[in-house]
Amino acid sequence: MTLSSKVVDQSKPVIFLLLIAPSIFWSVSLVQGNLGVNPIDKLMDELGQMALRLIILTLIISSLSQFKLLRALQNIRRMIGLLAFYYVLSHFLTYIVLDHFFNWKFIIKDIIKRPFITFGFINFILLLPLVFTSTNTMVKKLTFKIWKRLHSLIYIIAPLAALHYYLLTKADKTEPLIYLGIILGLLLWRFYYKIIKKFI
């Protein structure tokens, strides 16, 4: 049974609310003082992990939508990608505004000095062209071929995001390794589908 595009489109508001709800919950918890002894660090961690999960979800949707029965899933890929950027931006602003109060001198030194922050900043920069070209109008202006090449940046962004998470995790690195493994698996599948399958 083929997944209906109509069903996917109708589910968008529900998916949007479900995915944005955690950020509202964490923000309210911060204001109420319910995020533990290091509330700003906790908020940054939660926002960053959610961003990584949504980036991975966009890769999963891209892979699944290659199958004819699940092609309708591509209708929610853009929304998921924009929500991923929303969480990345929130993560980034929490670091800049709440953690360091716009201390640009310290922030720039921190970006240069600590590799995990360097990777995080690079990822943020790489995401910007994807966000700015996410509309149908931009696809037409760029042409689909160029747009698709530009959006291949996600295959650099995703492993860098997992590496960023891995490097900042000081104790148990199991979760970031799981995310990294999933991303590498998805990239290998993409390589198989795009390159190897052509010769079979």
Side-chain angles (χ1 to χ4, degrees), residues 1-28 46-92 123-124 126-162 164-165 175-176 178-198 200:
M1 182 178 177
T2 304
L3 182 63
S4 168
S5 294
K6 185 178 180 181
V7 170
V8 173
D9 289 337
Q10 288 176 342
S11 69
K12 280 183 179 181
V14 176
I15 295 171
F16 177 83
L17 290 173
L18 286 174
L19 293 181
I20 208 163
S23 66
I24 298 171
F25 172 76
W26 295 325
S27 298
V28 172
E46 295 289 4
L47 292 170
Q49 288 176 42
M50 188 64 173
L52 178 55
R53 292 180 192 126
L54 292 180
I55 288 171
I56 292 172
L57 183 56
T58 61
L59 291 179
I60 292 172
I61 290 172
S62 293
S63 296
L64 291 177
S65 62
Q66 290 169 353
F67 297 101
K68 187 176 180 180
L69 294 177
L70 299 173
R71 195 157 293 162
L73 285 175
Q74 65 188 358
N75 293 4
I76 60 168
R77 183 173 54 192
R78 180 187 302 175
M79 184 182 73
I80 303 297
L82 290 173
L83 282 169
F85 180 74
Y86 161 75
Y87 277 100
V88 169
L89 181 61
S90 299
H91 174 72
F92 191 54
N123 255 7
F124 176 73
L126 290 177
L127 275 167
L128 291 177
L130 273 63
V131 173
F132 293 145
T133 60
S134 63
T135 63
N136 292 331
T137 302
M138 287 303 299
V139 176
K140 290 178 182 178
K141 284 183 178 180
L142 291 172
T143 73
F144 181 74
K145 187 176 181 180
I146 295 174
W147 177 87
K148 195 170 184 180
R149 284 180 181 175
L150 178 62
H151 280 249
S152 293
L153 283 171
I154 191 66
Y155 300 112
I156 298 173
I157 291 166
L160 273 181
H164 166 73
Y165 182 33
E175 189 173 351
I178 290 172
Y179 289 145
L180 189 57
I182 293 171
I183 290 168
L184 292 177
L186 290 167
L187 293 181
L188 285 172
W189 162 254
R190 190 73 175 180
F191 175 76
Y192 164 78
Y193 189 85
K194 285 290 185 181
I195 308 298
I196 299 177
K197 196 174 179 182
K198 290 181 180 179
I200 297 177

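A quick note: this is a predicted structure, and the numbers were derived from the prediction, not measured. In what follows, every heavy atom counts, from backbone to side chain, and hydrogens, waters and symmetry copies are set aside.
- Going from atom CZ of Phe85 over to atom CG of Leu128 covers 5.0 Å, rounded to the nearest 0.5 Å.
- By the side chain to side chain donor-acceptor pair (under 3.5 Å) test, Ser90 is found to be paired with no residue, residues two or more places apart in sequence or in another chain being considered.
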Determine, stepwise, if the pair Thr135 / Lys141 fulfils side chain to side chain contact (heavy atoms under 4.5 Å, CB included). CA-CA 10 Å; Thr135 63; Lys141 284 183 178 180; over 6 Å; no
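- Relative ring orientation between Phe67 and Trp189 is described as parallel, the plane-to-plane angle staying below 30° on a 0-90° scale split at 30° and 60°.
- Looking at heavy atoms from C-beta onward, Val88 lies out of side-chain contact with Asn123 at the 4.5 angstrom threshold.
- The two residues Ser23 and Leu47 make their nearest non-hydrogen contact at CB-CD2, 4.3 Å.
- Heavy-atom minimum distance, Ser65 versus Leu73: CB-CB, 4.5 Å.
- The distance from the CZ atom of Arg53 to the OH atom of Tyr179 is 3.5 Å, given to the nearest 0.5 Å.
- Within the 4.5 Å cutoff, the side chain of Glu46 has no heavy atoms near those of the Pro22 side chain.
- Counted within 6.0 Å of CZ on Phe16, heavy atoms from surrounding residues, nucleotides or ligands total 12 or fewer; the atom is thus considered open.
- Distance alone, capped at 3.5 Å, places no donor-acceptor pair between the Arg77 side chain and the Ser62 backbone.
- Between Lys12 and Asp9 there is a salt bridge, with a side-chain nitrogen of the basic residue lying less than 4.0 Å from a carboxylate oxygen of the acidic one.
- To the nearest 0.5 angstrom, Met50 atom CE is 5.0 Å from Leu19 atom CG.
- A pairwise comparison of heavy atoms in Met79 and Ile15 identifies CE-CG2, 3.6 Å as the closest pair.
- Contact detail for Leu52 and Ala161: the closest heavy-atom pair is CD1-CB, 3.7 Å.
- In this structure, the separation between CG on Leu82 and CG on Leu89 is 11.5 Å, given to the nearest 0.5 Å.
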Output, in order, the C-alpha distance, side-chain angles, deciding distance and verdict of side chain to side chain contact (heavy atoms under 4.5 Å, CB included) for His91 and Phe124. CA-CA 10 Å; His91 174 72; Phe124 176 73; over 6 Å; no
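- Across all their heavy atoms, His151 and Thr133 have their closest contact at NE2-OG1, 2.9 Å.
- To the nearest 0.5 Å, atoms OG (Ser11) and CD1 (Ile76) are separated by 6.0 Å.
- Residues Val8 and Ala72 come closest through the heavy atom pair CG1-O, 3.5 Å.
- One distance of note links CG of Leu180 with CD1 of Ile56; it measures 9.0 Å at 0.5 Å rounding.
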